There are 2 protein chains.
Amino acid sequence: MDTEDKFLIGPPHRELLDQVLDKWSLSVLSELCERPCRFNELRRAIPQVTQKSLTATLRRLERNGVIEREVVSTRPVAIRYQITPLGKTLRPPVDVLLAWASENMPTITRAREAFDMREEASG
Amino acid sequence: MDTEDKFLIGPPHRELLDQVLDKWSLSVLSELCERPCRFNELRRAIPQVTQKSLTATLRRLERNGVIEREVVSTRPVAIRYQITPLGKTLRPPVDVLLAWASENMPTITRAREAFDMREEASG
DNA sequence: CAGAATCCGCAATGATACTG
DNA sequence: CAGTATCATTGCGGATTCTG
């Protein structure tokens, strides 16, 4: 009775993963796991992201409850982004995934090279 | 030495995850984990995917070495897609991820509703 | 059956400028 | 500082047609 002969992937799960594992989310979560950050701190920490994409990513992560946006009433106002308890629970799964990626990167690189060779040869 | 105070996510990892966790890959891998399949079997198993996207997904997964394409020389020829050993190693990480999604879906749904309420109220 | 080729629309992305 | 607004680009997904 191997119950788990299938990893069922429905649209809700699919959508959820798209929202929390998208291009910039992992980098943002990575930073916020270390310390709370302000907007421009994040920009500096992730130089490739544009301000537009960063804004969108932060909004999305906030909407899904994995990060929190806090307005600190100083003059001028500061904005603190920080990870939520829910957000922290995301780390183990992601770490497992990244471990897999690291571990198998060499194998995959070779697979790609082999594939590309064959392509080049035939097509 | 807490070595792992950060899930570092470089472009190579990012790209890899994009390739194996994209919209249709999980569904395809799910099917091929159960049994080898032919092209149209996969189409029937995943009704929403178009032939174009399915073709692209299969090529990408093949290139990364997680599935294998085999031409069976019958008349007419049949094409068998099957999972590779490398592909099988992808299951545990993905299962962990999906478990996380299932487990936290209610929390996330509530977070979204709360967020949308606030938006509606203010914006 | 297992695709390839083509065309199209749209949503995401990037670059740039402006604002409280 | 922390964004918003606007415009240009582009890449992906869908629909359709054709082929060995």
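Everything numeric here is computed off the predicted structure, so don't read it as measured data.
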S.K.: Any side-chain heavy-atom pair from B:E31 and B:C33 closer than 4.5 angstrom?
M.R.: no
S.K.: If you pin B:A78 and A:K23 to their nearest nucleotides in DNA chain C, which one's is more 5'?
M.R.: B:A78
S.K.: Distance check, rounded to the nearest 0.5 Å: B:W24 atom CH2 versus B:I46 atom CD1?
M.R.: 7.5 Å
S.K.: Would you say C:dG3 has OP1 or OP2 under 4.0 Å from some side-chain N or O of B:Y81?
M.R.: yes
S.K.: Please report the C-alpha distance between A:F115 and A:R118 in whole Å, then the side-chain angles of each, then the deciding distance to 0.1 Å, and finally whether the side-chain contact (heavy atoms from CB on, under 4.5 Å) criterion is met.
M.R.: CA-CA 5 Å; A:F115 182 91; A:R118 277 175 289 166; 3.8 Å; yes
S.K.: First locate atom CG of B:L17, then atom NE2 of B:H13, and finally report the distance between them rounded to the nearest 0.5 Å.
M.R.: 8.0 Å
S.K.: Distance check, rounded to the nearest 0.5 Å: B:Q51 atom CD versus B:R43 atom CZ?
M.R.: 6.0 Å
S.K.: Can you tell me how far CD1 of A:I108 sits from CD of B:E15, rounded to the nearest 0.5 angstrom?
M.R.: 10.5 Å
S.K.: Can you measure from SG (B:C37) to CG (B:L42) and round to the nearest 0.5 angstrom?
M.R.: 4.5 Å
S.K.: For the atom pair CG (A:L29) and NZ (A:K88), what is the distance rounded to the nearest 0.5 Å?
M.R.: 12.5 Å
S.K.: Going 5' to 3' along DNA chain D, between which two nucleotides do contacts with chain B fall, using a heavy-atom cut-off of 4.0 Å?
M.R.: D:dG13 to D:dT16
S.K.: Answer yes or no: is there a donor N or O on one side and an acceptor on the other, between the side chain of B:E113 and the main chain of B:R110, under 3.5 Å?
M.R.: no
S.K.: Is the shortest side-chain N/O distance from B:R38 to OP1 or OP2 of C:dA2 below 4.0 Å?
M.R.: yes
S.K.: Does any pair with a residue in residues 53-64 of chain B pass side-chain hydrogen bond (donor to acceptor under 3.5 Å, both in side chains), and if so which ones, sequence neighbours excluded?
M.R.: A:R112-B:N64, A:D116-B:R63, B:Q19-B:N64, B:D22-B:R60, B:T50-B:S53
S.K.: Which ones in residues 40-58 of chain B lie close to DNA chain D, meaning a heavy atom under 4.0 Å from one of its atoms?
M.R.: B:T50, B:Q51, B:K52, B:S53
S.K.: Would you call A:V94 and A:V20 a side-chain contact if the rule is heavy atoms closer than 4.5 Å?
M.R.: no
S.K.: For the side chain of B:T89 and the backbone of B:L86, is there at least one donor-acceptor N/O pair under 3.5 Å apart?
M.R.: yes
S.K.: In degrees, rounded to 10°, what is the bend between the two ends of the helix from C:dC1-D:dG20 to C:dG20-D:dC1, using five pairs at each?
M.R.: 50°
S.K.: Please classify the nucleic acid contact of B:R59 as base, sugar-phosphate, or nothing, using heavy-atom distances under 4.0 Å.
M.R.: sugar-phosphate
S.K.: What side-chain donor-acceptor pairs closer than 3.5 Å can you find for residues 70-83 of chain A, not counting sequence neighbours?
M.R.:
unit_1: A:E70; atom_1: OE1; unit_2: A:R80; atom_2: NH1; d: 3.0
unit_1: A:E70; atom_1: OE1; unit_2: A:Q82; atom_2: NE2; d: 3.0
unit_1: A:T74; atom_1: OG1; unit_2: A:P76; atom_2: O; d: 2.8
unit_1: A:Y81; atom_1: OH; unit_2: A:R69; atom_2: NE; d: 3.3

S.K.: Using a cut-off of strictly less than 4.0 Å between a heavy atom of the residue and any atom of DNA chain D, enumerate the qualifying residues of residues 63-74 of chain A by number.
M.R.: A:R69
